[in-house]
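Just below is one structure, and these are the notes that go with it.
Just so we're on the same page: letters track the sequence lines, and every chain starts at 1.
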Amino acid sequence: MPRGAFSDHSSPDMSLTAFSKRIALVDCNNFYVSCERVFQPDLQGVPVAVLSNNDGCIIARSNEVKALGVKMGVPYFQVRPLFERHHVRVFSSNFALYGDMSQRVMSTLARLSPDFEIYSIDECFLDMTGFGEPLEYAKEIRSTVKRWTGIGVSIGIGPSKTLAKVANKLAKKDQTGPGIRMLEPGDELEETLSALPVEGIWGIGKSLARRLKRRKIHSALNLRDASDRRITRILGALGQRIVYELRGISCLSLEEQPPAKQTICTSRSFARSVRTLEGLQEAISTFVSRAAEKLRSQGSAAGVLTVYIMTSHFGESSKYYNSLVLELPVPSCITHELLNYALIGLHRIYKKGYDYKKAGILLSNIVPSGSIQRDLFDRLGEPAGVSESPRRRGERLMKTLDRINTEFGSDTLIYASSDLRKGWRTVRGHQSPRFTTNWRELPLVKALLP
DNA sequence: TCTGGGGTCCTAGGACCC
DNA sequence: TCTGGGGTCCTAGGACCC
């Protein structure tokens, strides 16, 4: 069944007497902190926090730190005095380690259940439908993962992914409990849903919660019991799916084969600001080679490359943001080909005299690399079966580069994806650059298109 | 002084075709 | 003078997630 498709449900069973599925969500507890603790047992029982890149903000907290009221994502400097008072042990992030630990956890789970979907670095859905004693089995999973990897997990079980999420939340909340929770039809489920505000539901954020509350839908129970028509009017197709999931009718199937990425981005904030073009070139080169690796590892090639640079959003210093979208003549996953374009783009958007705080690239229009040949022939108008020699390919690319250099004039700018613009708009009183979102109109892109 | 990085899905509306 | 309507594809942007 495709993602988001409904099963047949002409009259949903509101009595919830018979759940047809059993889905478990296994979620690692305070994952990054747990990883650090595995290798440093003396961290057990003491407050621990993990920081983002450049030690900017808090991205993981042990229970002790959560108890201090420290929220996810707060800037480190704001809580520093508090941390010092409570002797919080603080770590810079080590994503290589976390990725490795994640793999160990996931392969352990894979041995325990045949049907699973890795949902994020620290979460995995398992299909337990038909398993005799789900709670017993969950206990087994929990202790095995702990024994083999040293990582503690919480497990929530429900008839749909959304309810498994809810159950998991409860399992986490109950710190002294077994770390396992199963939701079944009955009074307890009603109570749970009525105590859960809509923004606590998976898939409903701040904005949608506001929309719902304006219409007097405050709890998950309110939402579950609202009429289909009403929900569709307020939330569209997304809402329909959530409501069915809350009713215990599974609409989201397990994605066992992770689909190839549709976009790949690599970006970093700099620890110290960068002023020179050379400094940015160095960063961009690193980004491109990393992104190209990701592309190749999933057997893809990218047709469009965006490069962007920006100063800080914060503070009073003068601000600058710029980006450029480049369409490659042929989708590529070759580092030096991508790099040529990225560096040309960078050269166009770089302006002297600013303190750059962040840069990045985004690869999009990603296709399987197998189709590159065919696409190439289309563009060249050549019959399939006649391959282009490497030399000819090289000459063609060089010509394109020449054309860019001669034809592309002054850079009046520019393109920004919605994410980037959003960040920029938050800068108060700042004169926004001229944005366009139609990258086909950009002079450089026009120059590149045949 | 110091504020993360990497993704996905849905939808409205325009372009285009017949 | 009068100026259709339905279907499909694409894009930009909003919203969400960990």
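For B:dC17, the paired nucleotide is C:dG6, the pair qualifying as Watson-Crick or G-U wobble because both relevant distances are below 3.5 Å.
The phosphate of B:dG7 has OP1 or OP2 within less than 4.0 Å of a side-chain N or O from A:K294. Applying the 4.0 Å criterion to OP1 and OP2 of B:dG5, one finds that A:S267 has every side-chain N and O outside that range.
Residue A:I264 is in sugar-phosphate contact alone, with no base atom involved, counting any heavy-atom pair closer than 4.0 Å across all strands shown. Looking at heavy-atom distances under 4.0 Å, A:R80 makes no contact with the nucleic acid at all. Using a 4.0 Å heavy-atom cutoff across all strands shown, A:S93 reaches no nucleic acid atom at all. A:L208 comes within 4.0 angstrom of sugar-phosphate atoms only, judged by non-hydrogen atoms across all strands, and of no base. Within the nucleic acid shown, A:I118 has no heavy atom closer than 4.0 Å to any nucleic acid atom. Among the heavy atoms of the strands lying under 4.0 Å from A:E123 are primed sugar atoms or P, OP1, OP2 only; no base atom is included. Here A:D122 lies in heavy-atom contact (under 4.0 Å) with sugar-phosphate atoms only. Here A:F95 lies out of heavy-atom contact (under 4.0 Å) with every strand.
Atom-to-atom, CZ of A:F83 to C1' of B:dC2 comes out at 14 Å; the value is rounded to the nearest Å. For the pair A:I59 CD1 and C:dC17 P, the interatomic distance rounds to 19 Å; values are reported in whole Å. What separates CD of A:E255 from P of B:dT8 is a distance of 12 Å, to the nearest Å. Protein atom OH of A:Y76 is 16 Å distant from nucleotide atom C1' of B:dG4, rounded to whole Å. Rounded to an integer number of Å, the gap from A:F287 CZ to B:dG5 C1' is 11 Å. As a whole-Å value, the separation of A:I58 CD1 from B:dC2 P is 17 Å. Distance CG (A:L235) to P (B:dT11): 10 Å, rounded to an integer number of Å. Between the C1' atom of B:dG6 and the CG atom of A:L295 lies a distance of 15 Å, rounded to the nearest Å.
The two residues A:S219 and A:V198 have their closest heavy-atom pair at O-CG1, 3.5 Å.
Using cut-offs of 30° and 60° for the angle between ring planes, the A:Y76 and A:F83 rings count as tilted. Taking the six-membered ring where the residue is Trp, A:Y356 and A:Y320 present perpendicular rings, their angle passing 60° and hence far from 30°.
Looking at A:N168 and A:S154, their side chains never bring a donor and an acceptor atom within 3.5 Å of each other.
Comparing B:dT3, B:dG7, C:dC18 against the side chain of A:C265 picks out B:dG7 as the nearest. With B:dC10, C:dC16, B:dT8 as the choices, the nucleotide that has an atom nearest any side-chain atom of A:T263 turns out to be B:dT8. Of all nucleotides listed (B:dG7, B:dC10, B:dC9), B:dC10 comes nearest to the side chain of A:R241. Counting only heavy atoms from C-beta on, A:W202 has its side chain closest to C:dC17 among B:dT11, B:dG6, C:dC17. Here the side chain of A:R268 is nearest to one of C:dC16, B:dG6, B:dG4, namely B:dG6. Considering only the side chain of A:S269, B:dG4 comes nearest among C:dA15, B:dT3, B:dG4. The A:Q262 side chain lies nearest to B:dC9 when the options are B:dG4, B:dC9, C:dC17. In the set C:dC18, B:dT8, B:dG4, the nucleotide with an atom closest to the side chain of A:K261 is B:dT8.
Cation-pi geometry between A:R247 and A:Y244 is met: the NZ or CZ atom falls under 6.0 Å from the ring centre, inside 45° of the normal.
By the 5.5 angstrom centroid cut-off and the 30-degree plane limit, A:F314 is classified as stacked against the base of B:dT3.
The same atom, C1', is picked in B:dG4 and in C:dC17; the two are 15 Å apart, to the nearest Å.
Nearer to the 5' terminus of DNA chain B, by closest-nucleotide assignment, is the contact made by A:K357 (compared with the other of A:K357 and A:T266).
A donor-acceptor pair under 3.5 Å is absent between the side-chain atoms of A:S323 and the main chain of A:Y308, judged by distance alone.
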| Should A:Y137 and A:R22 be marked as a side chain to side chain contact (heavy atoms under 4.5 Å, CB included) after you check the CA-CA gap, both sets of side-chain angles, and the distance that decides it? | CA-CA 12 Å; A:Y137 201 70; A:R22 277 239 165 84; over 6 Å; no
